[in-house]
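All values reported here derive from a predicted model rather than from experimental measurement.
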Amino acid sequence: MEQGELPVLLVNEVGGVRGVLKAHVEFLKKHFHLITMKEFLKNKKHWSKKVQAIYLWWHKPIIDRELLESLPDLKVIANSGVGMDHLDLKLISSFGVKMANAPHAVSSSTADTGMALLLASARRLVEVSPDTECFADDLLGDEVTGATLGIIGMGSIGYKIALRAKAFEMKILTEEEERAVGAIYCTKIEDLLQQSDFVMLVVSLTPQTHKLIGKRELELMKPTATLINISRGPVVDQDAPVEALQTGVIKAAALDVTYPEPLPRDHPLLKLKNILITPHLGIKTDKTTRMITEEAVANILAALNGLPIPNEVFP
């Protein structure tokens, strides 16, 4: 790279469903020469030794061995979020490429989404439509104030959910020690499930948390309880909630994540009235998406300049 020349950053596309936001392009171009996967594939010979960084937006572009082998000077991959389950970290590391995520930018927005789902489900907001005729007996919701919230996954997002729940005077149960928000520690997940009126999933997707909630766990919950998932779809065994919601094992569910995403239009979950599904809106605000891009840029620039990467992720 010649002196004064901007480092080349590869992105999936600009705009569209899986592209970096158009509003962020000007900011990215201040620091990088931006190229898309379409441009890269069109002139692979020219770009292969120029690309030094990749910015993943919404898990794209897909990072596989073929792409890594075609980018000999790649130094860092920055992810637009916390979860890294879509990446083969060991494979990437074997090519000497650094990895980073954006944990600080997403926590408040995701916590807001979790509380929004809890409130909307409890008060049955989405069931009110122009065709609704009765608003008394037919639409009685659940009281949130004073209810018990079980949080599974007390990282930065879980902590911020607990702070919000405290404002609703909720009793908070966790499976990890967290005294700063007055949470009660449950030594077993079974105890948390049995006591909670609302169960919020905020864990990272790992082999240990894959299908963490299935038929057995749902049967431990109260028949008046609501399951809320803002983590990753595969954390829940997706067949189990269908039966549980149909038969009254639990009262309701609110999901910002599913597996797959989006669900097929004929999926049985989409036919149920006691479920609220949103299209992975956890981080989707103007402020948060901008913060994510700023955090990614800081990670990339640190890596390219041989400095410690603020949010480096190790395999």
Between [X] and [Y], is any pair of side-chain heavy atoms under 4.5 Å apart?
{"X": "Leu269", "Y": "Ile277", "value": "yes"}
{"X": "Ile172", "Y": "Ile151", "value": "yes"}
{"X": "Met99", "Y": "Val76", "value": "no"}
{"X": "Phe32", "Y": "Gln52", "value": "no"}
{"X": "Ser70", "Y": "Phe40", "value": "yes"}
{"X": "Ile228", "Y": "Leu201", "value": "no"}
{"X": "Met115", "Y": "Ile161", "value": "yes"}
{"X": "Met170", "Y": "Thr148", "value": "no"}

Check: [X] side chain, [Y] main-chain N or O, donor-acceptor pair, under 3.5 Å:
{"X": "Glu261", "Y": "Thr258", "answer": "yes"}
{"X": "Thr209", "Y": "Ser204", "answer": "yes"}
{"X": "Asn274", "Y": "Leu245", "answer": "yes"}
{"X": "Thr285", "Y": "Thr288", "answer": "yes"}
{"X": "Arg123", "Y": "Ser121", "answer": "no"}
{"X": "Asn299", "Y": "Asn311", "answer": "yes"}
{"X": "Ser94", "Y": "Leu91", "answer": "yes"}
{"X": "Thr289", "Y": "Asp286", "answer": "yes"}
{"X": "Ser80", "Y": "Leu56", "answer": "yes"}
{"X": "Gln194", "Y": "Asp191", "answer": "no"}

Distance-minimising heavy-atom pair for [X] and [Y]:
{"X": "Pro103", "Y": "Ser156", "answer": "O-OG, 4.5 Å"}
{"X": "Leu149", "Y": "Ala165", "answer": "CD2-CB, 3.7 Å"}
{"X": "Val144", "Y": "Ala122", "answer": "CG2-CB, 3.6 Å"}
{"X": "Ile309", "Y": "Ala302", "answer": "CA-CB, 4.1 Å"}
{"X": "Met37", "Y": "Pro61", "answer": "CG-CB, 3.6 Å"}
{"X": "Val8", "Y": "Lys50", "answer": "CB-O, 3.3 Å"}

Task: Ring geometry between His24 and Trp57 (parallel below 30°, tilted from 30 to 60°, perpendicular above 60°) - done: perpendicular

TODO: Please test Glu190 against Arg216 for salt bridge (charged side-chain N to carboxylate O under 4.0 Å, His left out), starting from the C-alpha separation and ending with a verdict.
DONE: CA-CA 10 Å; Glu190 290 82 0; Arg216 172 183 171 273; 2.8 Å; yes

Calculate, to the nearest 0.5 Å, the distance between atoms [atom1] and [atom2] belonging to [X] and [Y] respectively.
{"X": "Leu9", "Y": "His31", "atom1": "CG", "atom2": "NE2", "value": "11.0 Å"}
{"X": "Leu227", "Y": "Glu217", "atom1": "CG", "atom2": "CD", "value": "10.5 Å"}
{"X": "Thr174", "Y": "Ile184", "atom1": "OG1", "atom2": "CD1", "value": "9.0 Å"}
{"X": "Phe27", "Y": "Leu21", "atom1": "CZ", "atom2": "CG", "value": "13.0 Å"}
{"X": "Gln195", "Y": "Cys186", "atom1": "CD", "atom2": "SG", "value": "5.0 Å"}
{"X": "Trp47", "Y": "His33", "atom1": "CH2", "atom2": "NE2", "value": "3.5 Å"}

Kindly work out whether a path of hydrophobic side-chain contacts (I/L/V/M/F/W/Y, heavy atoms less than 4.5 Å apart) joins [X] to [Y].
{"X": "Ile152", "Y": "Leu220", "result": "yes"}
{"X": "Leu218", "Y": "Leu272", "result": "yes"}
{"X": "Leu281", "Y": "Ile230", "result": "no"}

For [Y], is there an ion pair with [X] - N to carboxylate O distance below 4.0 angstrom?
{"X": "Glu26", "Y": "Lys30", "value": "no"}
{"X": "Asp142", "Y": "Arg124", "value": "no"}
{"X": "Lys222", "Y": "Asp197", "value": "yes"}
{"X": "Glu13", "Y": "Lys38", "value": "no"}

TODO: Just do the side-chain contact (heavy atoms from CB on, under 4.5 Å) check on Arg65 and Leu68 with the steps written out, would you?
DONE: CA-CA 5 Å; Arg65 182 176 292 276; Leu68 291 168; 5.6 Å; no

Are [X] and [Y] close enough that a side-chain donor and a side-chain acceptor fall under 3.5 Å?
{"X": "Ser107", "Y": "Tyr159", "result": "no"}
{"X": "His86", "Y": "Asn79", "result": "yes"}
{"X": "Thr226", "Y": "Lys251", "result": "no"}

TODO: Apply side-chain contact (heavy atoms from CB on, under 4.5 Å) to the pair Tyr259 and Val236, showing each step before the final yes or no.
DONE: CA-CA 9 Å; Tyr259 183 78; Val236 177; over 6 Å; no

Open item on the list: By the definition salt bridge (charged side-chain N to carboxylate O under 4.0 Å, His left out), identify the one residue from Lys287, Lys284, Lys160, Arg164 that meets it with Asp112.
Closed with: Arg164

Open item on the list: Does Lys49 have more than 12 heavy atoms from other residues, nucleotides or ligands lying within 6.0 Å of its NZ?
Closed with: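 Atom NZ in Lys49 is not crowded, with 12 or fewer foreign heavy atoms closer than 6.0 Å.
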
- [ ] Kindly check if the number of other-residue, nucleotide or ligand heavy atoms within 6.0 Å of CD (Glu66) is above 12?
- [x] no

Task: Residues that Asp85 engages under side-chain hydrogen bond (donor to acceptor under 3.5 Å, both in side chains), provided they are two or more places apart - done: Arg232

TODO: Please test Lys215 against Asp237 for side-chain contact (heavy atoms from CB on, under 4.5 Å), starting from the C-alpha separation and ending with a verdict.
DONE: CA-CA 8 Å; Lys215 186 175 186 292; Asp237 183 348; over 6 Å; no

Task: Member of Thr110, Asn229, Thr113, Thr278 meeting the side-chain hydrogen bond (donor to acceptor under 3.5 Å, both in side chains) criterion with Asp256 - done: Thr278

Open item on the list: Please determine whether side-chain contact (heavy atoms from CB on, under 4.5 Å) holds for the pair Thr293 and Tyr55, giving the CA-CA distance in whole Å, both sets of side-chain angles, and the decisive distance to 0.1 Å.
Closed with: CA-CA 9 Å; Thr293 295; Tyr55 180 28; 3.0 Å; yes

